[in-house]
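These notes concern the structure reproduced below.
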Amino acid sequence: MRTSWADSVSNSAAENVTAAATNNGPASSASSRPSRSSYVPPHLRNRPPSAEPLAPTPKENLASTNRSAYPGPPPSQPRWGSREPARPGSGPSRGGWGNRTGGWDRGREREVNPFENDEPAEEAFGEQENTGINFDAYEDIPVETSGDNVPPPVNTFAEIDLGDALNENIRRCKYVKPTPVQRHAIPISLGGRDLMACAQTGSGKTAAFCFPIISGIMKGQYAQRPRGARTVYPLALILSPTRELSCQIHDEAKKFSYQTGVRVVVAYGGAPINQQLRELERGVDILVATPGRLVDLLERARVSLQMVKYLALDEADRMLDMGFEPQIRKIVEQMDMPPRGMRQTMLFSATFPKEIQRLASDFLSNYIFLAVGRVGSSTDLIVQRVEYVLESDKRSHLMDLLHAQRANGTHGKQALTLVFVETKKGADSLEHWLCMNGFPATTIHGDRSQQEREQALRSFKSGTTPILVATDVAARGLDIPHVAHVVNFDLPNDIDDYVHRIGRTGRAGKMGLATAFFNDNNASLARSLSELMQEANQEVPSWLARYAARSSYGGGGGRNRRTGGGRFGGRDFRRDGPSRGGSDYYGGGGGGNSSGMGGGYGPSSGYGGGGYGSGVTSAWD
DNA sequence: TAGACCT
């Protein structure tokens, strides 16, 4: 019996090893298998023993390579279309749930039901929700679109023809209706348009780019993919900046593509490449990857991008920031990926600095810009506090916070607290100190092994170590439910990173608290932080306002000012030109405009009389 | 700058 996610993971990992030892196929393949690492990557865990791949025979290998992921009818007609899976004898209630005859297992291994391990460890928190999304909170969110001929948004999934299989998965995910980013982004993507979308993670953006991709692959009449020796040819590529985020996207994409015949594979570093190669050889339609491992696979010619029809960059502004940009350019521009215009490109992030938008436009063709407001508002969901704390006082100050929190916590349990620090060494050091002082903590950063990173995340999510000390590796995209408190022990240098960090709490309609330790070392952040807090109706300490005023003549904080007037980049840089006056959509206090935005079709529709004024609050507000 | 990103 499953007691927790962590248990089920370790149990099934053990089962898999056992199964591999006892359930061998041909003796030859068993004896020739390389000794397997005890490390089972997350995307391969929780498989029933029967699904554990034994090394394919050379014949199988050839077959799987050639057919790639397609067992279906010949590509002369739409392979899936709206084909209703055969459901002999299935009742109306669960609609063929668990049915294996729906065209799925012809010559293939069973597809693991990605829904059966849902709701991991939720009981520990006494929560009921499954999706983590409070849809009622999504009603009144400002949305902006710009670009030529923006397709109108939809209000229900039923309005979009995503196909039966995908609709069934939407139902299984308990998605009742599309979130704002989905309402707008899905029609845009289904319309074949490139997209740059500003939307907070947790607002349903993974589904927003996955649904059109899966639907497109199902309906597409793609020519037979080339038969390279051991090269695979994915139709879609989804890139993200961290391994954990790629795993998370992969997990979600597996749910969305369940029983659609669309195969999703993830590739990332720090895990044995052989297992990933085997997964790829079994066929891949959608490849989710981190850049480094993908470059490796491309250079080994194990993956070719020449059939890519869909490219999605998650946390796109990070992906195009200095450290990543060369790798991304290599992947997108210097390998064999079809050029923009020949593929469909979707960029998503919660923040989109103007200069990054400019870089990103290299990858896009006549794109639509979409900015979606955050669920609720920062004011409602995240209380931001800034405290002046000298470097030498930070630890004891953190201790005070944690003590107070424990005292106030329910059942005397420590609420989940995510502590961001600047360096990997600093993370280890703080973790050690916390543990020594009676606070169960763990840490996640790039110097830890992948196993350690994943273990840390599990241990944090389950509440075993309710304090997680992290570098920015955990700042973006990770959906960790129940984080009550984000502490910026060391503030980042970039206000956008601050935005992403505090976005780890207050998720899914829940309240969150974000506390920052500020001192003279952070002076360059003072102005943007102060402005951000003001825009979010947070109380700005007078001392911080003084810091902000002082730094204002010093160039405005350099990089921190890059987002210009729209604090979170919720504005299309193409609209920046000679000053634009007029009213803006987000301010104005009326709110009457809030939900119908972007409903227009024509160029520049949705801009009303004047587009965004400066000082407009953003998509994130 | 350190942080992320193949070995």
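Values in this document were obtained by computation on a predicted structure and should not be read as measured data. Proteins get letters first, then strands, A, B, ... in listed order; numbering begins at 1 in each.
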Identified side-chain contact (heavy atoms from CB on, under 4.5 Å) partner of A/Val288 from the options A/Ile238, A/Leu239, A/Leu237, A/Val265: A/Ile238
Under 4.0 Å: is that the gap between some side-chain N or O of A/Arg300 and OP1 or OP2 of B/dT7? no
Under 4.0 Å between a side-chain N or O of A/Arg453 and OP1 or OP2 of B/dC5? yes
Determine all donor-acceptor pairs shorter than 3.5 Å in which one atom belongs to a side chain in residues 425-435 of chain A; sequence neighbours excluded.
from	atom 1	to	atom 2	distance (Å)
A/Asp428	OD1	A/His445	NE2	2.9
A/Asp428	OD2	A/His445	NE2	3.2
A/Ser429	OG	A/Arg395	NH2	2.4

Please determine if a side-chain N or O atom of A/Thr471 lies less than 4.0 Å away from the OP1 or OP2 oxygen of B/dA4. yes
Kindly say if A/Lys425 contacts the phosphate of B/dA2, meaning a side-chain N or O under 4.0 Å from OP1 or OP2. no
If you look at every strand shown and take non-hydrogen atoms under 4.0 Å, does A/Val473 touch a base, only sugar-phosphate, or nothing? sugar-phosphate
A/Glu315 has an atom CD; how far is it from atom P of B/dC5, in whole Å? 13 Å
Whole Å only: how far is the CG atom of A/Leu320 from the C1' atom of B/dC5? 13 Å
Taking atom C1' of B/dG3 as reference, at what distance in whole Å does atom CZ of A/Phe489 sit? 17 Å
Given atom CG of A/Leu245 and atom P of B/dG3, what is their separation to the nearest angstrom? 20 Å
Do side-chain atoms of A/Thr206 reach the backbone of A/Gly204 as a donor and acceptor pair under 3.5 angstrom? no
Gap between atoms CE and C1', on A/Met322 and B/dC5 respectively (whole Å): 14 Å
Which nucleotide wins on minimum distance to the side chain of A/Thr290, given the candidates B/dA4, B/dC6, B/dT1? B/dC6
Any idea which of B/dA4, B/dT1, B/dA2 is nearest the A/Thr423 side chain? B/dA2
What residues form a ring pair (Phe, Tyr, Trp, His ring centres under 6.0 Å) with A/Tyr498, not counting sequence neighbours? none
Please state how far atom CD1 in A/Ile328 lies from atom P in B/dA4, giving the value in whole angstrom units. 16 Å
Using atom CD of A/Glu422 as one end and atom P of B/dA4 as the other, report the distance to the nearest whole Å. 10 Å
Distance, rounded to the nearest Å, where A/Lys424 contributes NZ and B/dA2 contributes P: 10 Å
Classify the nucleic acid contact of A/Gly269 as base, sugar-phosphate or nothing, counting any heavy atom under 4.0 Å across all strands shown. sugar-phosphate
Kindly assign one of parallel, tilted or perpendicular to the pair A/Phe517 and A/Phe489, based on the angle between their ring planes and the thresholds 30° and 60°. tilted
